Amino acid sequence: MNNISEEPKGDRSKGPNFIESIIENDLRAGKNNGKVVTRFPPEPNGYLHIGHAKAICLDFGMAEKYGGICNLRFDDTNPVKESVEYIDSIKEDIRWLGFDWGDREFYASDYFDKLYKFAEALIEKGLAYVDDQSSEDIASQKGTPTQPGKESPFRNRSAAESLDLFQKMNRGEFPEGSRVLRAKIDMASPNMHMRDPVIYRIIKAPHHRTGSKWNVYPMYDFAHGQSDYFEGITHSLCTLEFEVHRPLYDWLIDQLKTGDYRPRQIEFNRLNLTYTVMSKRLLLQLVNEREVSGWDDPRMPTLSGMRRRGYTPEAIKKFITRIGYTKVEALNDIGLLEHAVREHLNQITPRVFAVLDPLKVVITNYQKSGEEIELINNPEEPSMGSRKIPFGREIYIERSDFMEDPPGKFFRLKPGGEVRLKGAYVVVCDKVVKDAATGEVTEVHCSYLPETRSGGAEANRKVKGTIHWVPVSEAIDIEVRLYDRLFVAEEPTASKDVDFRQHLNPESLKIITAKAEPSLAEAKHGDLFQFQRLGYYCVDSESTPEAPVFNQTVTLKDRWGKR
RNA sequence: UGCUCCGUGGUGUAAUUGGCAACACGUCUGACUCUGAAUCAGAAGAGUCCAGGUUCGAUCCCUGGCGGAGCAACCA
């Protein structure tokens, strides 16, 4: 099998990206004793999408490149939104991509004790206080980005009182929403995140790992940076929107650290794709509202959806290295991803014949029976061998491969015209049979030229076109699910005034019954194919031997269809 | 109109102590072809947001504009 990670061309002009440069400088400066420790920190509140894959490739990739390690850490600080279902799916998806975190599987909840003690220490140092106000009141005092906030009336209560209240909060003595713990920083800071951020809140829901041990849970901002610190993370790579959180993390680490070590956060641009949405919240909405069949619907940008669609980890990773990491908010053309998918699938998939929209062809002068045609499985990879398909007097061809009155440069079958049936014979179209009522073409009658059989005496007869076919008597019926982009708008979330669901593509899924060569009866879930001249297809998870189901992964490029 | 970050072909990126802009996708030609795919050859397409400055020389350094994004969840 060809290895596409062996660089074909291009891409090589790239030097280190800005993150690699920073890491290399740190290494040169002797920071962290020459160690590189990264982490991938998902919240288990949804399935991973290709944007996460970009982060995963970076987090694991940097560790690998610089001889370090990468932790998998679930940032599970909000039990009401998180579940083990998501944890399991996340681990499966990371493994599918080809990364291994060994025994370094951690949870922010592993640090709840440390975090709680740290919070108590902050209170004792006068750097945190319990606020008895409602979230609305706190929000109203927060100010705006252009106006400073106002201090809470509880800001200067005694440390002893705050400590007592905080402990009561955790004992479950107060209802949810009645009190929070806030860091005491600066209500006039130009950075909103420094305006006495809430660091602990009361949640009485059971946690998937700690059960009912806690009645207070740390906010993400109070858990993430410190978790990095506890794990000895050297380079904490995250997306751009956390840039303004960094001063808060730094402030917290300043209160926590005992030596010189501190994690270094570096922010990069997130992955956006045209014609898709990349927010777990919106994807969850599509799932809940049944706009798609689930998180793994092949139209979803989730890794499980792409896997079911037939995308390979190799293709996804190739795409990600091509788009790179910068600080520019980018919108990537989905075509770039599809190109990477075709590139990989072209190398690895066996070619097969399937006719999506069958038109019957009768070869009137064909008398033989039992003839078989041998076909190469993959011209890109001779080691994949060949297979045989029965040939017969009646075959199906693609309806679009026949035109009664075609425009110029139509290389396929037309009245009086010749076309090669791939692997078999050249046929001439003699007669068109139509439905008297509708005028629809129901059959095409042809005669074949016996000497033109592939490998035969006149095999190199010049014909303009070669088309695929399937024998009527041996063809099997397969269900084919044709997918188009889920949205018709390039940027479904571009406008705040228009709900993104307005842009859903009503034709994103079409289910048809197609005719396929008999060998496909043995295809198994996960098998990938090229339906010759059409595109790449894979066997769906719902497929059974009795009722095979194929998903269209991506079509072949089609210069003719574009005209 | 506060703070932070960012502005290079249609898209995504590159140009590593400043040396007249490169690669991939896409587009368009042509060759080849028993996949109108793939492959191969070639073309068009930016003078690097704007204006100054430093310099022999600026995508790169400085200043000032302009434009875009993020930030006001007891979400992450």
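The sequence lines fix the lettering, A, B, ..., with proteins before strands; numbering per chain opens at 1. Predicted model only: the values in this text are computed from it and were never measured.
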* Asked: Are any of the side-chain nitrogens in A:D196 or A:R155 under 4.0 Å away from the carboxylate oxygens of its partner?
  -> yes

* Looking at B:A76, B:C3, B:G26, which one has an atom nearest to any side-chain atom of A:H339? -> B:G26

* Does a nitrogen or oxygen in the side chain of A:H193 sit under 4.0 Å from OP1 or OP2 of B:C71? -> no

* For A:V463 and for A:E241, locate the closest nucleotide of RNA chain B by heavy-atom distance; then report the residue assigned to the nucleotide nearer the 5' terminus. => A:V463

* **side-chain N/O A:T466 vs B:U35 OP1/OP2, d < 4.0 Å** => no

* Asked: Toward the 5' end of RNA chain B, which comes first, A:G423 or A:M192, by nearest nucleotide?
  -> A:G423

* Asked: Touch check for A:N45, heavy atoms < 4.0 angstrom, all strands: base, sugar-phosphate only, or nothing?
  -> nothing

* **Spacing between A:N346 atom CG and B:G36 atom C1', to the nearest angstrom** => 15 Å

* Would you indicate, yes or no, if B:U13 has its OP1 or OP2 atom less than 4.0 angstrom from a side-chain nitrogen or oxygen of A:N269? => yes

* Consider the side chain of A:S135, meaning its heavy atoms from C-beta on, and name the nucleotide among B:A24, B:C74, B:C71 that approaches it most closely. => B:C74

* Quick one: label A:V244 by what it contacts on the DNA or RNA (base, sugar-phosphate, nothing), any heavy atom closer than 4.0 Å. => base

* Can you check whether any acceptor in the base of B:U39 is under 3.5 Å from a donor in the side chain of A:E380, or vice versa? => no

* Asked: Does the ring centre of A:Y249 sit less than 6.0 Å away from the ring centre of A:F242?
  -> no

* To do: For A:K422, report the nucleic acid contact type (base, sugar-phosphate, nothing); a contact means any heavy atom under 4.0 Å.
  => base

* B:U16, B:G2, B:C75: which one has an atom nearest the side-chain heavy atoms of A:T146? -> B:G2

* Asked: Using the C1' atom in both, what is the distance from B:U16 to B:A76, to the nearest Å?
  -> 36 Å

* Does any nucleotide pair with B:A72 by Watson-Crick or G-U wobble geometry, both distances under 3.5 Å, and what is it? -> none

* Below 4.0 angstrom from OP1 or OP2 of B:U35, is there any side-chain N or O of A:K557? -> no

* **Spacing between A:E338 atom CD and B:G26 atom C1', to the nearest angstrom** => 12 Å

* Asked: At under 4.0 Å between heavy atoms, what does A:N191 touch on the DNA or RNA strands: base, sugar-phosphate, or nothing?
  -> nothing

* Which one of A:K54, A:K327, A:E329 satisfies the side chain to side chain donor-acceptor pair (under 3.5 Å) criterion with A:N269? -> A:K54

* How far, in whole Å, is B:G70 from B:C25 if one measures between their C1' atoms? -> 28 Å

* Structure fact -> Per atom distances to the A:E43 side chain, the nearest of B:G2, B:C74, B:C75 is B:C75

* To do: Look at all strands and tell whether A:I467 reaches a base, only sugar-phosphate, or nothing, counting heavy atoms closer than 4.0 Å.
  => nothing

* Could you tell me whether A:T274 contacts a base, only the sugar-phosphate backbone, or nothing, with contacts defined as non-hydrogen atoms closer than 4.0 Å? => nothing

* Asked: Nearest-Å distance, CG (A:L534) to P (B:G36)?
  -> 10 Å

* To do: Round to a whole Å and report the spacing from CG of A:N377 to C1' of B:U35.
  => 14 Å

* Asked: Going by atom types only, do A:E20 and A:Y325 share a side-chain donor-acceptor pair under 3.5 Å?
  -> no

* Asked: Which of the following nucleotides, B:G12, B:C75, B:A37, is nearest to the side chain of A:A330?
  -> B:G12

* Mind checking A:Y200 for me? I need base, sugar-phosphate or nothing, with any heavy atom below 4.0 Å counting as a touch. => nothing

* Asked: Could one point to a donor on the side chain of A:R533 or the base of B:G36 with an acceptor on the other under 3.5 Å away?
  -> no

* Asked: So, are A:E43 and A:K81 salt-bridged, with charged N and O less than 4.0 Å apart?
  -> no

* To do: Using a 4.0 Å heavy-atom cut-off across all strands, classify A:S21 as base, sugar-phosphate, or nothing.
  => nothing

* To do: Using a heavy-atom cut-off of under 4.0 Å over every strand shown, decide if A:Q133 touches base, sugar-phosphate, or nothing.
  => base

* To do: Using the C1' atoms only, state how far B:C3 lies from B:A21, rounded to an integer number of Å.
  => 34 Å

* For nucleotides B:A14 and B:U8, find the distance between their C1' atoms and express it as a whole number of Å. => 10 Å

* **G-U wobble or Watson-Crick pairing nucleotide for B:U59 (cut-off 3.5 Å, both distances)** => none

* **Whole angstrom value for the distance that separates C1' of B:U16 from CD1 of A:I23** => 16 Å

* To do: Indicate, with yes or no, if the rings of A:F550 and A:Y537 have centres closer together than 6.0 Å.
  => no

* Complement of B:G64, any strand, by Watson-Crick or G-U distances under 3.5 angstrom -> B:C50

* Asked: Counting any heavy atom closer than 4.0 Å, what does A:R281 reach on the DNA or RNA strands: base, sugar-phosphate only, or nothing?
  -> nothing

* Where the side chain of A:N332 is concerned, which of B:A76, B:G12, B:C5 is the nearest nucleotide? -> B:G12

* To do: Check every strand shown and say whether A:V328 touches a base, only sugar-phosphate, or nothing at a heavy-atom separation below 4.0 Å.
  => sugar-phosphate

* Asked: Heavy atoms under 4.0 Å, any strand shown: does A:Q532 hit a base, just sugar-phosphate, or nothing?
  -> base

* Check: A:F118 ring centroid to A:Y229 ring centroid under 6.0 Å -> no

* To do: Under 4.0 Å between any heavy atoms, over every strand shown, what does A:R342 touch: base, sugar-phosphate, or nothing? Just pick one.
  => nothing

* Determine the interplanar angle of the A:H193 and A:H245 rings, folded into 0 to 90°, and report it as parallel if under 30°, tilted if 30 to 60°, perpendicular if over 60°. => tilted

* Asked: Can we say A:R73 and A:D228 salt-bridge, meaning some charged N sits less than 4.0 Å from an Asp/Glu carboxylate O?
  -> yes

* Any-strand Watson-Crick or G-U partner of B:U11, both distances under 3.5 Å -> B:A24

* Asked: What integer distance in Å separates A:D401:CG from B:U35:C1'?
  -> 11 Å

* Asked: Across all strands shown, which nucleotide pairs with B:U39 by Watson-Crick or G-U wobble geometry, both distances under 3.5 Å?
  -> B:A31

* From the options B:U1, B:U13, B:A76, select the nucleotide whose nearest atom is closest to the side chain of A:T326. => B:U13

* Closest to side chain of A:F411, choosing from B:G36, B:C75, B:A73 -> B:G36

* **Nucleotide nearest A:I323 when distance is taken to its side chain, options B:G36, B:G12, B:C71** => B:G12

* To do: Check the distance between B:A24's P and A:L336's CG and give it to me in whole angstrom.
  => 12 Å

* Kindly say if A:R559 contacts the phosphate of B:A37, meaning a side-chain N or O under 4.0 Å from OP1 or OP2. => yes

* To do: Determine whether A:F40 and A:H52 make a side-chain contact, defined as any pair of heavy atoms from C-beta on separated by less than 4.5 Å.
  => yes

* To do: In whole angstrom, give me the gap between the C1' atoms of B:C49 and B:U35.
  => 46 Å

* Does A:R201 have a side-chain nitrogen or oxygen under 4.0 Å from the phosphate oxygens OP1 or OP2 of B:A76? -> yes

* Structure fact -> The glycosidic conformation of B:G67, counting syn as within 90° of 0 and anti otherwise, is anti

* To do: Measure from CD on A:E267 to P on B:C5 and round the result to the nearest Å.
  => 9 Å

* Interatomic distance at P, B:G12 relative to B:G26, whole Å -> 16 Å

* To do: Between B:U29 and B:A44, how far apart are the P atoms? Round to whole Å, please.
  => 15 Å

* Touch class at under 4.0 angstrom, heavy-atom based, for A:H245 against every strand present -> base

